[in-house]
Amino acid sequence: MNRVTDSSIFIALTARVRDFTLRRIRRQNAFSLVSALLSAVLVLTFIVDLTVGHPHIERGPTAFWLLCFVILMLIPLHSGRHYPRWAGLIAVGFFAVWSGYFITRTFHAHIELNALFQLPMVALYVGWFYREWIARAALGFNLLTILLGLLFRIEQPTHVFSSPIAVGYAFFIAIFCLEAGSYLRRRALRRASFDPLTRVLNRRGFGVFGARAVAEAHRLEEPLTLAIVDFDDFKGVNDAGGHAAGDEALRITANAWVRGLGPDDLVARIGGDEFALLIHSDRKCAKAQLAEIAAEAPYSWSWGLSQLRSGDTLDDLMVRADVRMYDAKGRGEG
């Protein structure tokens, strides 16, 4: 009877632990998980240090740093997808201070290597999740603390290797990891911002780059016109040649707009056969450009134009242009 009871308690406890773990995992995103793993690597290192030990180990300070990094690991796991980017930068700053402290006060190679090993991880982390200038500034701060640590050592230890050479290797590896992380970030953003069929911006990408273009036009007081474009008879194209013909029509038309507009103008597919064009000119010039492209195109479409006004946002432009596009379709005008 006792065995059955103990087994039931164990099964119930296991189920609760499993449910709790699954709920926590579902709350995470890539940023929170990687942020936690960044600290978890050092948590594991300190646990090994305390368990295995090595000459001259200071167990009190090691236990203190272990507790610090356990807290840094648990914060993103608890916050999940709500873990803010600024908190990640604070954690990176803590890593920098910790590295500089250990480089300054180290009396043997083991601790110095622990401080250097985290540098490539930090570089990959900031390169992956932050804009390039932020990532480079964060890594630069880490590198600076290590250099200052070398310059202001309390006591010069005797190592079996050259500290400057070891630090130099760590710097080169960190720079490589930073650039690799930045490349992965740019690639992911590109995939998330571009339409795979037409190779122009998608709605998400247009929201990001279009908002930047609107802000820049306001700042420089330059003209900017938005065109919402829609095929006149896209259903007929699909009915006549199938979906392959429709896809080809979208590709041909998108390429015509990209070639016909300026290098700074934006072309985006924001719906099935609906596109948005952000043109760096006034409404009259934009209309003339669209008419010129339309005259050489094998397909017909209708558009509505909206010129940027003082205080306009991208959404304001889209609402006005969308209304005018449907008015043009109703009148049968391009």
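- Under 3.5 Å, the side chains of H280 and D264 contain no donor-acceptor pair of N or O atoms.
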Inset, instruction - Could you check F231 against T253 for side chain to side chain contact (heavy atoms under 4.5 Å, CB included), going step by step and ending with a plain yes or no? - result: CA-CA 10 Å; F231 273 75; T253 303; 3.2 Å; yes

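- Taking the side chain as every heavy atom from C-beta outward, T145 and V97 never approach each other to under 4.5 Å.
- No option in T51, D49, T45 other than T51 meets the side-chain contact (heavy atoms from CB on, under 4.5 Å) test with I47.
- A distance of 6.5 Å separates CG of L147 from CG of L144, quoted to the nearest 0.5 Å.
- Annotation: side chain of E274 is in contact with side chain of I228 (closest heavy-atom distance under 4.5 Å).
- The aromatic rings of W65 and Y101 lie tilted to each other, with the angle between the two planes from 30° to 60°.
- When all heavy atoms are compared, the tightest approach of F31 to G88 is CZ-CA, 4.2 Å.
- Residues A217 and L308 share a closest heavy-atom pair of CB-CD2, 3.7 Å.
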Side chains of residues 75-84: which donor-acceptor pairs under 3.5 Å do they make with residues two or more places apart or in other chains?
from: S79; atom 1: OG; to: I75; atom 2: O; distance (Å): 3.0
from: R81; atom 1: NH2; to: R26; atom 2: O; distance (Å): 2.4
from: Y83; atom 1: OH; to: A87; atom 2: O; distance (Å): 3.4

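- Residues L250 and D273 meet the side-chain proximity criterion, which asks for heavy atoms closer than 4.5 Å.
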Show the atom names and distances, to 0.1 Å, of all donor-acceptor pairs under 3.5 Å that link a side chain in residues 115-128 to residues at least two apart or in another chain.
from: Q118; atom 1: NE2; to: S99; atom 2: OG; distance (Å): 2.5
from: Q118; atom 1: NE2; to: A115; atom 2: O; distance (Å): 3.0
from: Y125; atom 1: OH; to: S35; atom 2: OG; distance (Å): 2.7

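- A254 and T198 make their closest contact through CB-CB, 3.9 Å (heavy atoms, listed as atom of the first residue, atom of the second, distance).
- No side-chain heavy atom of L266 sits less than 4.5 Å from a side-chain heavy atom of L277.
- We find the CG-CD1 distance between L305 and I279 to be 7.0 Å, quoted to the nearest 0.5 Å.
- Counting heavy atoms from C-beta on, the side chains of D230 and F275 never come closer than 4.5 Å.
- Residues L66 and L50 form a side-chain contact, since some pair of their non-hydrogen atoms from C-beta on lies under 4.5 Å apart.
- Once rounded to the nearest 0.5 Å, the distance linking CG of L226 with CE of M318 reads 6.5 Å.
- With Q307 contributing its side chain and R283 its backbone, the two residues share a donor-acceptor pair below 3.5 Å.
- Sparse packing is recorded around CZ of R191, with 12 or fewer heavy atoms of other residues, nucleotides or ligands lying under 6.0 Å away.
- R320 has a carboxylate O that lies under 4.0 Å from a charged side-chain N of D312, or vice versa, which qualifies the two as a salt bridge.
- Between E132 and R185 there is no salt bridge, since no side-chain N of the basic residue sits under 4.0 Å from a carboxylate O of the acidic one.
- Atom CG in L224 sits 13.5 Å away from atom CZ in R309 (nearest 0.5 Å).
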Inset, instruction - Would you sort out whether F95 and F69 count as a ring-ring contact (aromatic ring centres under 6.0 Å, His included), showing the intermediate values? - result: CA-CA 9 Å; F95 272 81; F69 283 102; 5.2 Å; yes

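- E179 has a carboxylate O that lies under 4.0 Å from a charged side-chain N of R136, or vice versa, which qualifies the two as a salt bridge.
- In this structure, the separation between SG on C68 and CZ on F46 is 9.0 Å, given to the nearest 0.5 Å.
- Residues passing the side-chain hydrogen bond (donor to acceptor under 3.5 Å, both in side chains) test with D322: none are found, sequence neighbours excluded.
- Under the 4.5 Å side-chain criterion, counting only non-hydrogen atoms from C-beta, V41 is not in contact with L37.
- Closest heavy-atom contact between I252 and P298: CG2-CG, 4.2 Å.
- Residue-environment remark: CZ (R251) exceeds the threshold of 12 foreign heavy atoms within 6.0 Å.
- Cation-pi geometry between R203 and F206 is not met at under 6.0 angstrom from the ring centre and within 45 degrees of the axis.
- Two residues are said to be in side-chain contact when any heavy atoms from C-beta on lie closer than 4.5 Å; L72 and L38 fail this criterion.
- Taken to the nearest 0.5 Å, the CG atom of L143 stands 6.5 Å off from the CD1 atom of I175.
- Across all their heavy atoms, L178 and A135 have their closest contact at CD1-CB, 3.7 Å.
- Within 6.0 Å of CZ on F94 lie more than 12 heavy atoms contributed by other residues, nucleotides or ligands.
- The aromatic rings of W301 and W303 sit tilted, their planes meeting at an angle between 30° and 60°.
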